[in-house]
Each structure stands twice: as structure tokens, then as C-alpha cells.
Amino acid sequence: MNKKIATWNVNSLRVRMPQLLDWLANEQPEIVALQETKVQDSDFPADALEVAGYKVIYSGQKSYNGMAIISRHFDADEIITDIPGLDDPQRRILAATYNGLRLINLYVPNGQRLGSDKFHYKLEWINHVRQYIASQLQQHPRLLVVGDFNIAPDERDVCDPTKWHDKILCSEQERAALQQITACGLQDCFRLFDQPEGCFSWWDYRAAAFRRNLGLRIDLILASDVLCKHAVSCHIDTSPRSLERPSDHAPVVAEFAD
DNA sequence: ATGGTCGAGCTTCGA
């Protein structure tokens, strides 16, 4: 049976729990990587997710950032909550191995504006995580790197490339940094398949951006060559973005054959 | 018009 693996920036897990539980019941994903849980570990809603049939791991902090991975059948092994060699209090990475599948869940810094302190932190953070990914690929042929990359890979992933030209999330520097990650031996699952134009995963809350489909595709599932051979589909599920009180991101789902 | 709206948690910051 095929297995669905998903990534979703929920923008507050506590607010989004009803939507997440409904979505899990409908989609029956095997593993879901969550970003921006915005909940410290002592308040993590583990019980409700376990009742829904998922094992949980998480690495959170108060107010900002925060990561979790939920898994239906397999226990998480070799858990890491920090990029080796980078001292960073922000909870932006959570990786674990599930039945031989290595999953790295990322919440890449937003970067705010080109040239800002946060932009330099973003590039530095990506540089460190790329080195970690490269070393992980040597050890784990079955590797997925998923999450909110806060980078639109190319012009197809931008609603209005002229308006977004060299803006944060779309700059040449950010795209080059992302290409350095994929050059380690990963492919964007979404582009393994024919896709319609105008597919995005994030829409600003302001200015009715979702209704007007003024979005970016910044949430990605990157797969190693071994896993790409088993990928059978990849799509963005825009339905949760239409609900009342939505996350500003939609889940991305990839399906893998055994 | 350089705005708009969310979430957390506190009267502002980050996205």
C-alpha cells in the first residue's frame, strides 16, 4: 500500500488542532512534518494526537518556531533537534528515522528583507543545514528533507514574478542556497510530476491573497534519488486554506509506493 | 496608499 508523507506549516498547533485532526482522519497520512507549532514542549497536545493514532516527537519553544513529526506506524529513532555545529536557540529542525527512512523536517528562517540581519541569519542557517544534509545523504540513501523552506525555487512558484523579483523568498541568493541543497542529491518531489500552473503553498493573510491565488510555493518535499524512484504523486492540498481560521500555509503531500 | 491580517502574549514582534 502506498504511503503518504506530508509537510504542513500550521502556524500555531493549538489553534489548528481541530483542522489537523480532521485532515488526518480524511487523508490518513503515514507521517506528517509540522512547522511553526508555537508551543513549548510542556504544552504540546500529545494526547489528542495519540488518540488519533499517531506517535509524536516535538521540539518547541514559547511563541515562535517549533517543530513536530507525527507517525502512524513507526517509532522515531536517531532524533536530532539541532543542526550539528550550529548553536541556535530557535527550534527550526527536527529529524528522525522511521523504519529506515530518514526524515529531516525544516523551518527555514524567513529572512525578513534582503540584506537584513535576519537575511544573513537565513543564509548562514541554510549553509549549516546543507552541510548536515550532505553528511546525512552519505549515511541514509532513503532521505527526505521537508518543510517550510521560505524560498520559492523558481519563477513557476511565484504568483507575480515581476512584483516579487529579488524580494525576500524569491531572491537569487536564496534560490542559489536552495540549489546547493538539492545539488547534494535531492529532487523537488512536486516537479517530478506534471502540475497545473499557479500552484502555491503559502498565501499572505492580508489583501485576500488566497482568494486571488496570490501565493508562493515555499513548502517542499525533497527526496533522495532512491526515494524519487518510489514517488507516485505529489500535490498541494489547498482545502484547509479555505476553512475558517486557516494557517497561511497549505499541506503538501507526497505518496510513495513500497 | 509601502497598507492589508494573523498568532502569541502583552501593548509589540514575527511572519
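Computed from a prediction, not measured in an experiment: that's the story for all the values here. Chain letters run A, B, ... following the sequence lines, proteins first and then strands; every chain starts at 1.
Applying the 4.0 Å criterion to OP1 and OP2 of B:dT5, one finds that A:Arg245 has every side-chain N and O outside that range.
The existence of a salt bridge linking A:Glu36 and A:Arg16 is excluded, since no basic side-chain nitrogen approaches an acidic carboxylate oxygen closer than 4.0 Å. At a threshold of 4.0 Å, the pair A:Lys62-A:Asp43 does not count as salt-bridged, since none of the basic side-chain nitrogens sits closer than that to a carboxylate oxygen. For A:Asp157 and A:Arg191, the salt-bridge test passes: some basic side-chain N is under 4.0 Å from an acidic carboxylate O. Between A:Glu255 and A:Lys3 there is no salt bridge, since no side-chain N of the basic residue sits under 4.0 Å from a carboxylate O of the acidic one.
Within 4.0 Å of A:Arg16, counting heavy atoms only, lie sugar-phosphate atoms of the nucleic acid but no base atom.
B:dG9 and B:dT5: their P atoms are spaced 22 Å apart (whole Å). Straight-line distance between the P atoms of B:dA1 and B:dC6: roughly 25 Å, to the nearest whole Å. The separation of B:dT2 from B:dA15, taken at their P atoms, amounts to 23 Å, rounded to a whole angstrom. Straight-line distance between the C1' atoms of B:dG7 and B:dT11: roughly 15 Å, to the nearest whole Å. The gap from the C1' atom of B:dG4 to that of B:dC10 amounts to 23 Å, rounded to the nearest Å.
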Between A:Lys55 and A:Asp75, is the salt bridge (Lys or Arg N to Asp or Glu O under 4.0 Å) condition met? List the steps. CA-CA 7 Å; A:Lys55 305 167 190 294; A:Asp75 287 319; 3.5 Å; yes

Between N or O atoms, less than 3.5 Å apart, protein on one side and nucleotides 11-15 of chain B on the other: list the pairs.
| from | atom 1 | to | atom 2 | distance (Å) |
| --- | --- | --- | --- | --- |
| B:dA15 | OP1 | A:Arg92 | NH2 | 3.4 |

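Comparing A:Arg113 and A:Thr37 along DNA chain B, the residue whose closest nucleotide (by nearest heavy atom) sits nearer the 5' end is A:Arg113.
Note that A:Arg217 lies outside the cation-pi zone of A:Phe200, set by a 6.0 Å cut-off to the ring centre and a 45° limit from the axis.
Separating the CG atom of A:Leu20 from the P atom of B:dG7 is a distance of 15 Å, rounded to the nearest angstrom. Following rounding to the nearest Å, A:Asp43 (CG) and B:dA8 (P) show an atom-to-atom distance of 11 Å. In this structure, CZ of A:Arg91 is placed 19 Å from C1' of B:dA8, rounded to the nearest angstrom. As rounded to whole Å, 13 Å separates atom P of B:dT5 from atom CZ of A:Arg211.
Taking 4.5 Å as the limit, every side-chain heavy atom of A:Gln61 sits out of range of all side-chain heavy atoms of A:Gln40.
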